[in-house]
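See structure below.
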2 protein chains.
Amino acid sequence: MPKLDTKPDAKAKLLDAALSVIRTKGYSSTSVDDLCREAGVTKGAFFHHFKSKNDLGVAAADYWSLFTGTLFTNAPYHDHADPLDRVLGYLEFRKALLRGGVPDFTCLVGTMVQETYETAPNIRDACDRSISEHAAKIEADIDAAMQARAMAVDWTAESLALHTQAVLQGAFILAKAKGGAAIAADSIDHLIRYVKLLFDVQTT
Amino acid sequence: MPKLDTKPDAKAKLLDAALSVIRTKGYSSTSVDDLCREAGVTKGAFFHHFKSKNDLGVAAADYWSLFTGTLFTNAPYHDHADPLDRVLGYLEFRKALLRGGVPDFTCLVGTMVQETYETAPNIRDACDRSISEHAAKIEADIDAAMQARAMAVDWTAESLALHTQAVLQGAFILAKAKGGAAIAADSIDHLIRYVKLLFDVQTT
DNA sequence: TATAACATACCAACTGGTTGGTATGTTTGC
DNA sequence: GCAAACATACCAACCAGTTGGTATGTTATA
């Protein structure tokens, strides 16, 4: 009775492979064979679990939502009592995540949506869902911070939450162009400064 | 008797085709045949002018620099005497460019660098050049605005200039995910608000 | 000025390898 | 024993790139 400790689970291995390979090479350049090779499974296993490459793209985006969902849910910044501190803590946490190689800290769905938004609507929708659901969590804290201060402003919590995601996605593009995380950290610093200015926090 | 009139010029037609097709489908999904079909030339012409698809990628990025270079050089915001007004005018101009379909207003090099940064260093470098040279122009106005006000701050003109590009690139990703320009305009509005706050401009 | 020699711009057909996907096994867990 | 989970073998379409060729300049030279 061999293999009692190892759990084959080709599907999970393929999804894990998708996260790293697609973030490195992009969705279109990633072949099904690439994914099978990386995951250590055969093509038969791939098409047993996914009815097409497009289907894997959607599943990978959903898997990414799950992956990042638990990552941010378990992050320490939620402990702050003041919702604004949670927002600023979130941004500091994003900056702290800029570690390892560029493919390691960049966003799967941001990469995928650029290649598929006109050609694969279901992948685009899955990417949109991933981004929007994540933004909604930050929006909640922004909204709470605004209400705690009874702010009268010409912008919404939703637009600021989405703006944080735009900055992060753009920071990743610059990091890819310049081959390092430093520029991305600078951009997040500007975003943090902006949020502090919006909420009248004394900048040190 | 030199041909001073019109030149059919398959090369120019291929580069024009590259701008639209790659922005729509992405670099990897764009085949050489796609470009030839769009340009109305044959494959022989393609490989006469470009030694490889990769070579076209580099040429397309350089062509994009040229294209955007003249676009922004001829833009009206340069008329302002105050350099800060030029910076804010630039950002308003970027917002005004959000017209037509998503492939029409998004950035070629931002799209390409995501797919090539790990696999095609020369394309990545060409994209980086395009972004950085553009940012340098905005940096000049930001720097002038800072010096005119003798500002003592903990950020540099260069980092703010690059941050504007990050916001724009990220705004394009969100526009692709959500299928419209509205969200991109919102993000640029946040960026404008940030610049005004940094320079203590009275927000209306 | 005539012409040989060369260069540029382009074309249609082809090639070897890769692609996503399928058809048909074999193995495993309940 | 039977379905789900894999593996093997294969295919037609497509891919980037090559080939051999034509048509139209441009330059050198006598």
Side-chain angles (χ1 to χ4, degrees), chain A residues 1-18 21-22 24-61 63 112 115-116 118-124 126, chain B residues 1-18 21-22 24-61 63 112 115-116 118-124 126:
Chain A
M1 9 222 73
K3 55 173 72 175
L4 37 97
D5 45 322
T6 55
K7 199 175 233 179
D9 209 354
K11 188 171 184 175
K13 283 197 284 185
L14 281 165
L15 286 172
D16 282 328
V21 179
I22 294 177
T24 304
K25 304 178 57 174
Y27 174 76
S28 302
S29 290
T30 298
S31 70
V32 173
D33 283 322
D34 284 337
L35 294 171
C36 293
R37 203 176 308 120
E38 178 80 8
V41 302
T42 60
K43 225 166 180 178
F46 183 98
F47 284 100
H48 172 73
H49 291 288
F50 308 102
K51 70 175 200 284
S52 66
K53 186 192 171 184
N54 187 295
D55 188 45
L56 168 117
V58 174
Y63 183 62
M112 276 207 298
E115 299 180 66
T116 59
E118 278 280 299
T119 50
N122 50 353
I123 295 182
R124 183 204 57 209
Chain B
M1 220 69 137
K3 42 171 67 180
L4 39 95
D5 245 15
T6 52
K7 211 180 227 179
D9 210 357
K11 188 172 183 174
K13 284 196 283 184
L14 281 165
L15 286 171
D16 282 329
V21 179
I22 294 176
T24 304
K25 305 176 58 173
Y27 174 76
S28 303
S29 291
T30 297
S31 70
V32 173
D33 284 321
D34 284 338
L35 294 171
C36 294
R37 206 176 306 121
E38 178 80 7
V41 302
T42 61
K43 226 165 179 179
F46 183 98
F47 284 99
H48 172 73
H49 292 286
F50 308 102
K51 70 175 201 285
S52 65
K53 186 192 171 185
N54 186 295
D55 189 45
L56 168 115
V58 175
Y63 184 62
M112 274 206 299
E115 299 179 65
T116 59
E118 279 279 302
T119 51
N122 50 354
I123 296 182
R124 183 204 56 209

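Every chain is numbered from 1 and lettered A, B, ... according to where its sequence line falls, protein lines coming before strand lines.
The distance between atom CG of Asn54(B) and atom P of dG17(D), rounded to the nearest whole Å, is 8 Å. Counting to the nearest Å, the P atom of dC15(D) and the CG atom of Leu56(B) are 15 Å from each other.
Scanning residues 45-53 of chain B for heavy-atom distances under 4.0 Å to DNA chain D yields Phe47(B), Ser52(B), Lys53(B). If you check residues 29-42 of chain B against DNA chain C, the residues with a heavy atom closer than 4.0 Å are Val41(B), Thr42(B), listed by number.
Ala59(A) meets the side-chain contact (heavy atoms from CB on, under 4.5 Å) test with Leu15(A), Phe50(A); sequence neighbours excluded. Asn54(A) pairs by the side-chain contact (heavy atoms from CB on, under 4.5 Å) definition with Tyr27(A), Ser52(A), Val58(A), Ala120(A), Asn122(A), Ile123(A), not counting sequence neighbours. With sequence neighbours left out, Thr24(A) forms a side chain to side chain donor-acceptor pair (under 3.5 Å) with no residue at all. Partners of Ala45(A) according to the side-chain contact (heavy atoms from CB on, under 4.5 Å) rule, which considers only residues two or more places apart in sequence or in another chain, are Ala10(A), Val41(A), Thr42(A). The salt bridge (Lys or Arg N to Asp or Glu O under 4.0 Å) test applied to Lys25(B) returns Asp34(B), not counting sequence neighbours.
Identified under the salt bridge (Lys or Arg N to Asp or Glu O under 4.0 Å) test for residues 50-60 of chain B, with sequence neighbours left out: none. Within the structure, every pair that satisfies the salt bridge (Lys or Arg N to Asp or Glu O under 4.0 Å) test and touches residues 39-48 of chain A, not counting sequence neighbours, is listed here: Asp33(A)-Lys43(A).
Of all non-hydrogen atoms in Glu115(A) and Gly26(A), the two that sit nearest each other are OE2-CA, 3.3 Å.
Within 3.5 Å, a donor on the side chain of Lys43(B) pairs with an acceptor on the base of dA16(D), or the reverse.
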